[in-house]
Structures are given as structure tokens and as C-alpha cells.
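Below you'll find the structure, written out as C-alpha cells, and then a few comments.
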Amino acid sequence: MILRIDDTDVERNTETSLNSIFDGLAWLDLGWDEQYKQSERLALHKQIAEAIFLKDLAYRDFTPPQAGEADKSGAQGTWLFNAGMRELTREESDRRAAAGEPFALRYRVPRDTVRSIHFTDAVYGEQSKSSADIEDFALLRSDGMPTYHLASCADDADLRISHIIRGQDHLTNTFKHVLIFEAAGVTPPTFAHLPLLVAPDGTKLSKRRHGPVVSVTTYRDAGFLPQAFVNFICLLGWSPKDDREKMSRQELVEVFSLEGVNRSNAVVNFSEQEPFDPKAVWLNAEYIRAQSPEEVCAELTPIVKNAGYDTAKLPQITLLVRERIRLLNEVLTVGDFFFEDELAPYDAAELIPKKGDAAMALRVLQRACEVLAVAEFTHDGLESSLRAAAGSLGIKAGQMFEPIRVAACGRKNAPPLFATLEVLGRETCLKRVAQATEKLKSI
RNA sequence: GGCGCUAUCGUCUAACGGUUAGGACGGAGCCCUCUCAAGGCUUAAAUACGGGUUCGAUUCCCGUUAGCGCUACCA
């Protein structure tokens, strides 16, 4: 595995975007054996370009670069080359170059005899295109820098790349690459193009338009497990054909094949409300639940620490939140009442149980206060004393538990009551029940 | 405009030319239950359209439509 940074476009290449790539690869545990930067291999690129030029398979184009965006949707015919430049005599070309006139080096695509360029794609099958439909693409820019096409082919040849696996947006560029390999006298590698990942509106995902969605670090920072994320990504455009969904890295590697890759683009289903694909979130939850409590606790620790909370009780809390969080970061929202000293403000009406009224809630809390003061503070001890209390008050257990839960957690939906109270401890529980009682009296 | 690629439930996807078109996520409902979650069960939901070929097309061919990609020195 070779990591090659394709950075021939100096303007767009930034340190931060590069770091984001490294961070993402590290998080996903994707390693490599050799590493190169194209910008450090310019001599090789120029050498290959020179060789192609010497074979007369490329020519200098002194036409100034087109200003601004070319009109691509316009009704103009297909542009193939700039008039006059292809036919320039060698002497004329050399003279203008020697005079310091800037030029781009263009590939001289066969025109007199139209021929068919073809290659076999490991995913899309046999591909062919008439040379008459391929423009004289640039090899070198007028500043002497190689284009992506030249640089990647030169490097692929030099580094003996066996497989080029890349986005389908390069499928039609591949004909140009075949031409370059041919001119360089090199056998092309195996090509495999993968379907694109697109936004719900069908357009291809781009850094500019879909910022966070395309950055791997976004998923890391949101609390995805790397294995879950890899699993999800693998299921976009490929499937094991046997209904398996949750698969380990090992299983994925064993069963993956380029032939099994789909040819149509896959939608990453995100929106403003739901920034992550629901299936990715679900898979992540599956992975969290599949981990041991110790493993989950270890994952949660830095998150809780970062939020400025004490992690002493985290092992117990983990047991209660593990099947309630889908992203690791949700520990902070699902378990907030475990960490905060003071509960976030909540509506006193929440304390009123189903089929009950404020008076019932008040009686429950007052009794709870007495019971919690003396009960054995364990799951079973709390359960038996609170159930007994409900009985003596003549109400249903649920009606007893609900006000206490809200008093302790600040909301109706929370982990199981007795375990929660046990983790919170007698002191905190009594304090919160007392606060809830006051709250109730004020309405 | 030219060239190329693609087209199965909302989304990700299965289906030697012969299936009641399957699974998963999400949705709805029920069960379980101290709430939530998890779990179990049930349910709605698709072959873009039109022609062929064939005894029989989701599947093969052609066309249409739609989407995407590339298209004068981005990658």
C-alpha cells in the first residue's frame, strides 16, 4: 500500500486539509508502507513529459490560459484543440519557447486516423471511446507544473502501481491516461472505478458544498467507532450479497471483491436535522452494544473528561447508558444528570404522574424522602422499599416511580430507576427529591 | 452542446430469464416493561417509461426520460 499525496495544484493544497486526511486515516487504522508527495517528484513528471514531446506525441500550445470558467453548457461544438498550435513547426515552436513565451504542453491525440481507445475496468467492464471525442489535454501547465493526468500516470508507472481504484468521476479521464501510458511505453495498471457517494439531492459529495459530511474526522468527533464507520462505508456501493450487514474488518477483507461493486451512485442520507445517515448511526449503536462494558467505558472516558466531568462513577454509568447511546458523545446528553451537580431546569408539571395530580406527586415525593433516607441503597433494596411505599400510598408502582425519576433525572425518559438512584447515591437523591418538592409547591 | 456512466421500496441493497421481487435502516402498530432504550412480533413501501427478443423478462437488446460524471493549463 502506497500513500501518495496528489498535490500538483499548489493553490488548493493546504496544510490543514492534509492533516485532516492523516487524522482520518489514523483513526480508521488504515496504514501504508510507502509515502510520496507528487510535488516532490516534479523532475520525474517533467522527464516523462519531455520524452513524450520528443516522440512528437505532444506539442506546445502558446495560447494563453482561458480566463474564468469556460461555458460548458453552451451550444458550442466540442473543443478538441486550439487552432494553429497542433500544426506549429518544430522550428517555430522552439523559437517561441526560446524567446520565453509561456506554453502548455498538450497531448497530440490521434486525429488523422480515428481509432478506438479501450481498457477493461474491474467494475464497469469493457470501456471504449473514439479518439475523435478526446480533446488534446494538457500535460504541463504554462508554469511548468504537471497536470494531474501526467503526474499520476508518471508516478503510477514509476511506482509500479498494480491497481488504480478511484472514483467514477475519473472513468472518462482514464482514456487520456491510457494514451499517456501508451506514449510512455508502459503497460497500464488495472483500473477499477467505484460509484460516487452523493448527497440526497444526487450531486456528488464535495468539500465545498457538503463540508462536514465528507470529512472523516467529523464522524470521529461525533462519537462514531472507527470499525462501525468503515463497516458503513463498505456497504455503500457494495454488499456481501448474503444479507450480512454488521461485519468485522476481517470479514470485509475476506469477502470483498471489485466484481461485486455496484455501478450506480450511492446516496449518503443526511439532512440538516439528521447530520448522519440513520443507518450509520444504527450500525454504530450495534457496535457499541457489542462491546464489553469495559471497552465502552474506555471509549467514553476521554469524552466525559473533556466535558469537564469526574469519571469516578463512569463504570457504573456505562452499564446504564450503553444501550441508550447511538454515538459515544450522547453519553453527555443521555447521562447528563449523572455528571451535573445541579439538574438542568425542568417543568414542575413533569413531576405529576400519569392519571395523577400535583397532590399525588407531592405525597409521593414526601414519602420518597422518608424512604430514601433509610432504605438500603442498592438496586434490590430500593426496589422493595419503593414498591412497598407505593402499596402503602395505595397507588400503582409506576405512579410512584415517575415523580421520583423526574426529580432525580430532570426528565421522564431515563435509565431504569433503581440502578440510577443507586449510582446517584443517597445524598444526591435526597437533595433532588427535596428540590422537586419545593418546585411542586410553587405551582 | 459532445462523450461516457447509471436507473429495484424514502435510503443502502438481494434476486442462473421462471420468487407471493428478499434483507437492512428509517416509518407505523403490537408485545415485553417502573419511563426510555434494547429485544420479540406484525405491517406499509420498489423493478422510471415505451418497444422488442422469449413460452416467460427486474434480469438480454433498442429507444425515451431522468440523474450523475468528464468536457480549453482542478484533482
Side-chain angles (χ1 to χ4, degrees), chain A residues 6-9 11-13 61 63-66 70-82 102-106 121 124 127-130 132-149 151-152 166-176 193 195-196 198 200-204 232 235-246 262-269 274 277-283 285 289 320-326 334 353-354 383 386-387 390 396-402 404-406 409 411-418:
Chain A
D6 287 4
D7 57 351
T8 52
D9 184 1
E11 286 177 26
R12 289 208 325 191
N13 180 46
D61 182 349
T63 312
Q66 186 120 350
D71 184 9
K72 284 166 185 166
S73 57
Q76 286 104 325
T78 312
W79 175 91
L80 291 173
F81 55 88
N82 288 320
F103 62 86
L105 191 70
R106 287 189 184 285
D121 189 276
Y124 287 87
Q127 302 292 317
S128 67
K129 187 169 183 171
S130 166
D133 291 321
I134 302 174
E135 76 281 3
D136 284 0
F137 54 95
L139 261 18
L140 292 178
R141 298 196 257 268
S142 50
D143 62 1
M145 286 291 282
T147 60
Y148 159 77
H149 304 301
S152 63
R166 56 177 26 158
Q168 191 240 50
D169 47 351
H170 281 304
L171 192 62
T172 47
N173 282 334
T174 305
F175 295 104
K176 299 170 192 168
H193 289 85
L196 262 21
V198 300
D201 67 0
T203 57
K204 91 168 173 176
F232 170 70
L235 260 15
L236 253 22
W238 174 85
S239 84
K241 321 292 184 212
D242 62 4
D243 290 345
R244 267 186 297 172
E245 304 251 62
K246 183 164 176 283
N262 296 142
R263 291 185 279 269
S264 53
N265 294 343
V267 174
V268 178
N269 209 358
E274 293 273 340
D277 192 303
K279 195 154 191 170
V281 174
W282 166 78
L283 247 188
R289 290 193 290 268
L320 296 176
V321 299
R322 189 168 59 133
E323 29 183 63
R324 273 162 261 268
I325 58 174
R326 300 166 312 160
V334 169
K354 258 192 275 270
E383 173 156 21
L386 287 175
R387 283 195 189 277
K396 288 185 176 173
Q399 292 175 312
M400 179 81 197
F401 302 155
E402 199 172 317
I404 300 174
R405 172 178 294 108
V406 175
C409 306
R411 67 178 109 96
K412 283 187 162 139
N413 297 339
L417 186 59
F418 315 120

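Labels below follow one simple rule: chain letters A, B, ... track the order of the sequence lines, proteins then strands, and each chain is numbered from 1.
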Task: Residue matched to B/C25 through Watson-Crick or wobble contacts both under 3.5 angstrom - done: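 In the structure as shown, B/C25 has B/G10 as its Watson-Crick or wobble partner.
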Task: For B/G69, the Watson-Crick or wobble counterpart (both distances under 3.5 Å) - done: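 Base partner found: B/C3.
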Between protein and nucleic acid, restricted to nucleotides 25-28 of chain B and to nitrogen or oxygen atoms under 3.5 Å apart, what atom pairs and distances do you find?
unit_1	atom_1	unit_2	atom_2	d
B/C25	O2'	A/K279	N	3.3

Can you list everything that forms a salt bridge (Lys or Arg N to Asp or Glu O under 4.0 Å) with [X]? Sequence neighbours excluded, please.
X: A/D143; value: none
X: A/D136; value: A/R86, A/R111
X: A/K279; value: A/E245

Task: Presence of A/K204 side-chain N/O under 4.0 Å of B/C70 phosphate oxygens OP1/OP2 - done: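 Looking at the OP1 and OP2 atoms of B/C70, one of them is under 4.0 Å from a side-chain N or O of A/K204.
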What residues, two or more places apart in sequence or in another chain, satisfy side-chain contact (heavy atoms from CB on, under 4.5 Å) together with [X]?
X: A/R289; answer: A/A285, A/E286, A/E323
X: A/S142; answer: A/P65, A/P102
X: A/A151; answer: A/T8, A/Q38, A/H45, A/P146
X: A/R263; answer: A/V123, A/Y124

Might you list the N or O atoms of the protein lying below 3.5 Å from N or O atoms in nucleotides 3-9 of chain B, with each pair's distance?
unit_1	atom_1	unit_2	atom_2	d
B/C3	O2'	A/K129	NZ	3.3
B/C5	O2'	A/Q168	NE2	3.0
B/U6	OP1	A/R263	NE	3.4

Open item on the list: Expressed as a whole number of angstroms, how long is the span from A/L283:CG to B/U13:P?
Closed with: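 After rounding, the gap between these two atoms is 13 Å.
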Open item on the list: Taking the minimum atom-to-atom distance to the side chain of A/E135, which one of B/C12, B/U71, B/C34 wins?
Closed with: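 Nearest to the side chain of A/E135 among the choices is B/U71.
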